[in-house]
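To keep things clear, I will list the structure first and then write my remarks on it.
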Amino acid sequence: MRAAALFVALLAVAGTAFAAEPKSVADVVISLKDQGFGILLEAVLAADKAILDTLSNPELEATVFAPNDKAFERLLKDLKLSKEELLKDKALVTQVLLYHVLGVPVPSSALKIRQTVQTLLEGETGLLKITKKFNHRLHETVVRLYTTSGGTAKVIQADIQVGKSYIHAINRVLVPGTEGIRH
């Protein structure tokens with residue numbers, strides 16, 4: 001039920017805020033800063049300027065996995081860092097954000113039951129495993145992401161289309177690692 005409410009809120013904000021002008025992923029992130037995506041916006045602004053430039057391009061063709069504020073709060077607690085400490089590490093924030101972007105637009109309908117994809121973070125560290133299965137008890141499709149650091153995230157809202165790109169809201173920050181995908 002919460003996912004449905006989030007989807008309605010995301011569509012309402014994305015649809016009404018930019019009805020007359022081209023949309024970009026950055027525009028949507030900015031518009032959602034007060035609806036649970038404020039830390040993501042702060043991370044984009046703290047990262048290398050190329051991240052903001054890329055997400056601001058209305059012609060961008062990509063998939064963005066967007067962690068909500070609760071996801072960032074969990075990460076900060078796990079890392080025993082303050083938000084300020086995390087955001088001042090520009091290189092780390094840039095690498096983490098690159099790990100949240102695929103260089104192609106992928107709606108949830110195009111996801112396979114199991115696949116491994118390359119994010120914009122280059123090399124084996126940038127691999128991300130995606131699984132998709134139907135939960136018969138809940139009558140919904142569940143998409144999970146498995147990281148090279150052993151972490152897992154769940155897509156809590158899929159298919160927010162922005163121009164030629166897709167945003168999928170997720171419940172954990174994706175942290176790259178060096179161990180390869182274990183799941």
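In this text the structure is predicted, and so the values were computed from the model without any measurement.
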Pairs meeting criterion salt bridge (Lys or Arg N to Asp or Glu O under 4.0 Å) with involvement of residues 31-47, two or more places apart: Glu42-Lys83
OG1-CG distance between Thr54 and Leu120, expressed to the nearest 0.5 angstrom: 7.5 Å
With Phe65 via ring pair (Phe, Tyr, Trp, His ring centres under 6.0 Å) - residues at least two apart: His168
Verdict with reasoning, Leu32 to Leu41, per side-chain contact (heavy atoms from CB on, under 4.5 Å): CA-CA 9 Å; Leu32 295 174; Leu41 175 59; over 6 Å; no
Trace of the side-chain contact (heavy atoms from CB on, under 4.5 Å) decision for Val175 with Tyr99: CA-CA 7 Å; Val175 178; Tyr99 197 47; 5.9 Å; no
Same apolar cluster (I L V M F W Y, side chains within < 4.5 Å links), Leu174/Leu102: yes
Verdict with supporting geometry, Val29 and Leu55, side-chain contact (heavy atoms from CB on, under 4.5 Å): CA-CA 9 Å; Val29 171; Leu55 297 179; 5.7 Å; no
Sequence-distant partners of Glu59, side-chain contact (heavy atoms from CB on, under 4.5 Å), two or more places apart: Asn57, Lys164
Partners passing side-chain hydrogen bond (donor to acceptor under 3.5 Å, both in side chains) against Glu61 (at least two apart in sequence or in another chain): none
Lys129 and Leu145, any side-chain heavy atoms less than 4.5 Å apart: no
Beyond-backbone contact of Leu86 with Leu75, side-chain heavy atoms, under 4.5 angstrom: yes
Counterpart residues, side-chain contact (heavy atoms from CB on, under 4.5 Å), relative to Asp69 (two or more places apart): Ile39, Glu73
For the student: nearest non-hydrogen atoms of Pro105 and Ser165, plus distance: CB-CA, 4.4 Å
Side chain Thr148, main chain Gly177, donor-acceptor under 3.5 Å: yes
Common cluster, Val25/Phe37, ILVMFWY with side-chain heavy-atom separation under 4.5 Å: yes
side-chain hydrogen bond (donor to acceptor under 3.5 Å, both in side chains) partners of Ser108, counting only residues at least two apart: Asp159
Nearest-0.5 Å distance, CG of residue Leu128 to OG1 of residue Thr63: 11.0 Å
Approximate separation, where rounding is to 0.5 Å, of Leu45 CG and Leu52 CG: 6.0 Å
Distance (rounded to the nearest 0.5 Å) between Lys154 NZ and Thr131 OG1: 11.0 Å
Spacing of NZ belonging to Lys132 relative to OG1 belonging to Thr141, to within rounding of 0.5 Å: 6.0 Å
Exercise: identify the closest heavy-atom pair between Ala47 and Leu97: CB-CD1, 3.7 Å
side-chain contact (heavy atoms from CB on, under 4.5 Å) partners for Lys88, two or more places apart: none
Full working for side-chain contact (heavy atoms from CB on, under 4.5 Å) between Ile130 and Arg144: CA-CA 6 Å; Ile130 302 173; Arg144 294 201 184 278; over 6 Å; no
Lys49: salt bridge (charged side-chain N to carboxylate O under 4.0 Å, His left out) partners, not counting sequence neighbours: Asp53
Verify same cluster id: Val143, Ile170 (apolar side-chain graph, 4.5 Å): yes
Within one Ile-Leu-Val-Met-Phe-Trp-Tyr cluster: Val155 and Val64, side-chain cutoff 4.5 Å: yes
Under 3.5 Å donor-acceptor, Arg172 side chain and Arg74 backbone: no
Heavy-atom closest contact (Ala66 atom, Ile167 atom, distance): CB-CG2, 3.8 Å
Residues in side-chain hydrogen bond (donor to acceptor under 3.5 Å, both in side chains) contact with Ser82, at least two apart in sequence or another chain: Glu85
side-chain contact (heavy atoms from CB on, under 4.5 Å) against Val96, all qualifying residues, sequence neighbours excluded: Leu92, His100, Val173, Pro176
Nearest non-hydrogen partners of Gln118 and Leu121, listed with the distance: NE2-O, 2.6 Å
Contact list for residues 103-136, test ring-ring contact (aromatic ring centres under 6.0 Å, His included), sequence neighbours left out: Phe134-His136
Distance, nearest 0.5 Å, that separates CG of Asn68 from CD1 of Ile156: 4.5 Å
Within one Ile-Leu-Val-Met-Phe-Trp-Tyr cluster: Val101 and Val104, side-chain cutoff 4.5 Å: yes
